[in-house]
Structures are given as C-alpha cells and as structure tokens.
Number of protein chains: 2
Amino acid sequence: MEKQEALAALVALGHETRLDIFRLLMQAGPKGLAAGQIGERLALPAATLSFHLSQLKHADLITFRRESRSLIYSAAYPVMNALLAYMTENCCQGAAASCEPATPSTCQPEERHETPARARVR
Amino acid sequence: MEKQEALAALVALGHETRLDIFRLLMQAGPKGLAAGQIGERLALPAATLSFHLSQLKHADLITFRRESRSLIYSAAYPVMNALLAYMTENCCQGAAASCEPATPSTCQPEERHETPARARVR
DNA sequence: TCTATATTTCCATCATATTAGAAATATGGA
DNA sequence: TCCATATTTCTAATATGATGGAAATATAGA
C-alpha cells in the first residue's frame with residue numbers, strides 16, 4: 001500500500017458517521033447491507049449517507065453491487081488489512097524481535113481465502 | 001478502546017503532515033525525536049509543527065518528555081496497537097475462523113514488554 | 001408506459017480545520 | 001542576570017469538509 005492510499009483510508013475513517021458505517025459493514029460481513037438499511041440503522045438522511053458512502057468508496061474501503069433496486073455495500077477487507085500492515089511497517093527502524101511487523105491476516109470475508117498481500121511501503 | 005478514542009486517533013492520522021510525523025516517530029522508536037528535528041526533516045514551520053504535534057498528543061498517539069531545552073516526542077505504541085485491535089473487532093459478526101481477531105502485538109518499544117491490553121469495544 | 005421505490009447528484013449554507021507570522025514561555029549557559 | 005535556543009500559544013486569514021432539501025437517475029412491477 002502506498003502512502004496516499006493509506007492516507008485516503010485514514011481520512012475516510014476519521015469521521016464519526018463514516019466510522020459507524022464502516023464498522024456496521026465490517027460486522028455485516030461479506031453479505032453487506034443495502035444503503036437504505038444503513039441509513040435506517042444510523043438515522044441518516046439519504047443525501048448525507050450517500051455523501052459518506054462515496055467517500056468510503058473513493059478510499060476503496062467499501063465495495064458495492066446492485067441487487068434489484070438496492071445497492072448493497074460491503075467492507076473491503078483486503079484494503080483494511082493492507083492499511084493495518086501499512087501503519088505498523090518500518091516501526092522502530094525494523095529493530096529486533098521487540099518490534100514485530102503487523103500480522104495482516106486480521107479479518108477475511110467468509111468466501112475468500114487468498115493470502116492478504118503484505119503491503120509494501122514506498 | 002472506546003469508539004471516541006479510536007475516532008480521535010483516526011482523525012489525527014487522517015492528515016498527511018500528521019501521518020508523516022507519526023510514521024517518523026514510529027520509525028525513530030522509543031528514543032524519539034526532538035520537535036526541532038521533526039520540523040527540520042519534514043520542512044515544517046515551528047507553529048505548524050506544534051499544532052500537529054498537539055493534535056497527535058490529544059489523540060494519545062504520541063508522548064513527549066523534556067530533555068534540557070528540547071522536547072522529545074515518541075510514538076505511543078500501545079495506543080496504536082489498541083487502535084488496530086479496535087478496527088477489526090466485531091467483524092463478520094464474529095463469524096468463524098475465517099474472521100480472526102486482530103493480533104495486537106504489532107509494534108512494541110524495545111524496553112517494554114508488557115502484554116498490550118486487548119482493547120474492549122463499548 | 002406509468003408509477004413507486006431506491007439511491008445518487010446538485011447546490012447553497014454552515015461549520016471546522018489548517019496555516020504560519022508574531023509574541024510569549026521555558027530552559028540552560030556565560 | 002542577560003542572552004540564545006527550543007518550542008508553544010495566540011490570532012486572523014484561508015481552505016476544506018459536512019449537511020440535507022430538492023431534483024435527477026435507475027430499477028422493477030402493474
């Protein structure tokens with residue numbers, strides 16, 4: 001993961017409403033949630049919700065698929081994992097066992113089982 | 001870690017200059033860096049740097065100690081670890097082995113070896 | 001095709017964060 | 001005590017982000 005990607009993800013998550021949305025989707029798992037359901041659970045006006053969803057989308061933290069009239073959003077686990085890895089890389093000048101690199105295998109959707117790429121810092 | 005703490009940390013890290021500062025301190029390790037050195041390396045005016053340091057301080061992401069005339073800043077590893085844990089907790093409705101909780105033992109300062117508390121969500 | 005549902009885009013308003021010069025504070029040495 | 005260094009706080013200008021109503025778009029069913 002490059003710095004700008006990590007930054008975009010952190011900017012996106014650094015807002016209460018978006019953190020709420022993201023965590024709701026993390027909890028919902030790969031099945032995801034329709035935009036309407038998210039708005040209902042978090043009591044958000046449609047336009048406001050849509051604004052925040054687009055921010056999260058832009059940061060690649062969530063994906064969506066259409067299902068009939070609904071748009072189903074779900075958390076992008078691999079990007080989340082890459083972010084976690086990025087944040088702890090190069091810590092302590094890579095010094096010793098006391099500073100282990102992050103374990104990025106944190107949260108995988110049920111279906112998928114590919115190894116999350118150890119993000120490389122640039 | 002509670003939501004507001006995690007949010008504060010994410011808000012703080014969601015800014016390029018602060019992410020640069022934080023990563024610099026992560027890399028510097030427990031020895032830390034004097035404010036002046038940070039400003040020099042990142043080419044920041046003193047007032048701007050001080051503003052961002054106070055934001056990071058407020059989010060408990062960094063600590064500082066005085067050493068003669070210099071203030072030495074360093075990354076607060078335990079808080080970082082708690083944040084990583086928080087972000088992946090409760091994912092996939094806690095479903096199965098495919099959704100392992102985050103391993104918080106990511107980055108420890110050299111001197112310390114206490115077990116990082118598995119942050120609890122409220 | 002007409003209508004209802006689901007969601008987004010547009011837009012104007014409002015709120016908050018960032019920037020950096022200048023002044024203030026703290027420390028240590030001569 | 002006086003001065004130089006290190007850093008913060010104050011302040012005002014500027015920039016950016018968030019909000020939500022209204023209109024526009026997309027889908028599906030009658």
Side-chain angles (χ1 to χ4, degrees), chain A residues 3-25 28 31-76, chain B residues 3-25 28 31-76:
Chain A
K3 180 177 147 186
Q4 290 307 320
E5 293 175 71
L7 185 60
L10 290 167
V11 168
L13 292 172
H15 187 281
E16 180 160 21
T17 302
R18 288 194 294 267
L19 186 56
D20 287 343
I21 294 171
F22 184 74
R23 281 175 60 81
L24 198 57
L25 293 178
K31 272 177 282 187
L33 277 178
Q37 305 197 330
I38 300 170
E40 203 177 323
R41 289 220 213 169
L42 300 179
L44 294 171
T48 301
L49 171 65
S50 192
F51 168 76
H52 289 301
L53 286 174
S54 81
Q55 303 285 105
L56 289 167
K57 236 186 294 177
H58 189 70
D60 288 323
L61 281 167
I62 61 176
T63 59
F64 70 104
R65 61 183 193 275
R66 183 172 278 281
E67 227 165 72
S68 177
R69 270 180 289 202
S70 297
L71 292 185
I72 312 289
Y73 285 88
S74 43
Chain B
K3 181 177 146 186
Q4 290 307 320
E5 292 176 70
L7 185 60
L10 290 168
V11 168
L13 292 172
H15 186 282
E16 181 161 20
T17 301
R18 288 192 295 263
L19 186 57
D20 286 344
I21 294 171
F22 183 74
R23 282 176 59 80
L24 198 57
L25 293 178
K31 271 177 283 186
L33 277 177
Q37 304 197 329
I38 300 170
E40 203 177 324
R41 288 220 213 168
L42 300 178
L44 294 171
T48 302
L49 171 66
S50 191
F51 168 77
H52 290 301
L53 285 173
S54 81
Q55 302 286 105
L56 289 167
K57 235 186 294 177
H58 190 71
D60 288 323
L61 281 166
I62 62 176
T63 60
F64 70 102
R65 62 183 192 277
R66 182 173 279 279
E67 228 166 70
S68 176
R69 270 181 287 201
S70 298
L71 292 186
I72 311 288
Y73 285 89
S74 42

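What's counted below: heavy atoms across the whole structure, side chains too, no hydrogens, waters or symmetry copies. Residue numbers begin at 1 in each chain, while the letters A, B, ... track the order of the sequences. What you see is a predicted model; the values in this text were computed from it and never measured.
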Nearest-Å distance, [atom1] ([X]) to [atom2] ([N])?
{"X": "A:Phe51", "N": "C:dA15", "atom1": "CZ", "atom2": "P", "answer": "16 Å"}
{"X": "A:Leu56", "N": "C:dT8", "atom1": "CG", "atom2": "C1'", "answer": "15 Å"}
{"X": "B:Glu16", "N": "C:dA17", "atom1": "CD", "atom2": "P", "answer": "19 Å"}
{"X": "A:Leu44", "N": "C:dT8", "atom1": "CG", "atom2": "P", "answer": "12 Å"}
{"X": "A:His15", "N": "C:dA17", "atom1": "NE2", "atom2": "C1'", "answer": "12 Å"}

Would you indicate whether the side-chain heavy atoms of [Y] and [X] approach each other to under 4.5 Å?
{"X": "A:Arg65", "Y": "A:Ser74", "answer": "yes"}
{"X": "B:Leu13", "Y": "A:Leu13", "answer": "no"}
{"X": "B:Arg18", "Y": "B:Phe51", "answer": "yes"}
{"X": "B:Leu42", "Y": "B:Leu49", "answer": "no"}

Salt bridge (charged side-chain N to carboxylate O under 4.0 Å, His left out) for A:Arg41 and A:Asp20? Distances and angles first, verdict last. CA-CA 10 Å; A:Arg41 289 220 213 169; A:Asp20 287 343; over 6 Å; no
Counting only heavy atoms and a strict 4.0 angstrom limit, can you tell me which residues of residues 58-74 of chain A come near DNA chain C?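 When residues 58-74 of chain A is checked for heavy atoms under 4.0 Å from DNA chain C, the hits, listed by number, are A:Arg69, A:Ser70, A:Leu71, A:Tyr73.
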Does anything in residues 7-14 of chain A come within less than 4.0 Å of DNA chain C? Heavy atoms only, and list the residues if so.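 Listed by number, there are none.
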I need the minimum non-hydrogen distance between [X] and [Y], along with the two atoms involved.
{"X": "B:Thr63", "Y": "B:Ala76", "answer": "CG2-CB, 4.3 Å"}
{"X": "A:Ile72", "Y": "A:Glu67", "answer": "CG1-CB, 3.8 Å"}
{"X": "A:Leu33", "Y": "A:Ala28", "answer": "CG-CB, 4.0 Å"}
{"X": "B:Leu25", "Y": "B:Tyr73", "answer": "CD2-O, 3.3 Å"}
{"X": "A:Phe22", "Y": "A:Leu61", "answer": "CE1-O, 3.4 Å"}
{"X": "A:Leu53", "Y": "A:Ala35", "answer": "CD1-CB, 4.1 Å"}

Would you say B:Thr48 places a side-chain N or O within less than 4.0 Å of OP1 or OP2 belonging to C:dT19?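 No, no such contact exists.
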Do any side-chain nitrogens or oxygens of A:Gln37 fall under 4.0 Å of OP1 or OP2 in C:dA6?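 It does not, given that no N or O in the side chain of A:Gln37 lies less than 4.0 Å from OP1 or OP2 of C:dA6.
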Note: for A:Pro45 and B:Ala46 on DNA chain D, the residue whose nearest nucleotide lies more 5' is B:Ala46
Using heavy-atom distances to pick each residue's nearest nucleotide on DNA chain D, tell me which of B:Lys57 and A:His52 is more 5'. B:Lys57
Opening and closing nucleotides of DNA chain D in contact with chain B, under 4.0 Å to non-hydrogen atoms: D:dA4 to D:dT9
So what does B:Ala35 touch, heavy atoms closer than 4.0 Å: a base, only the sugar-phosphate, or nothing?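 Sugar-phosphate, no base atom in range.
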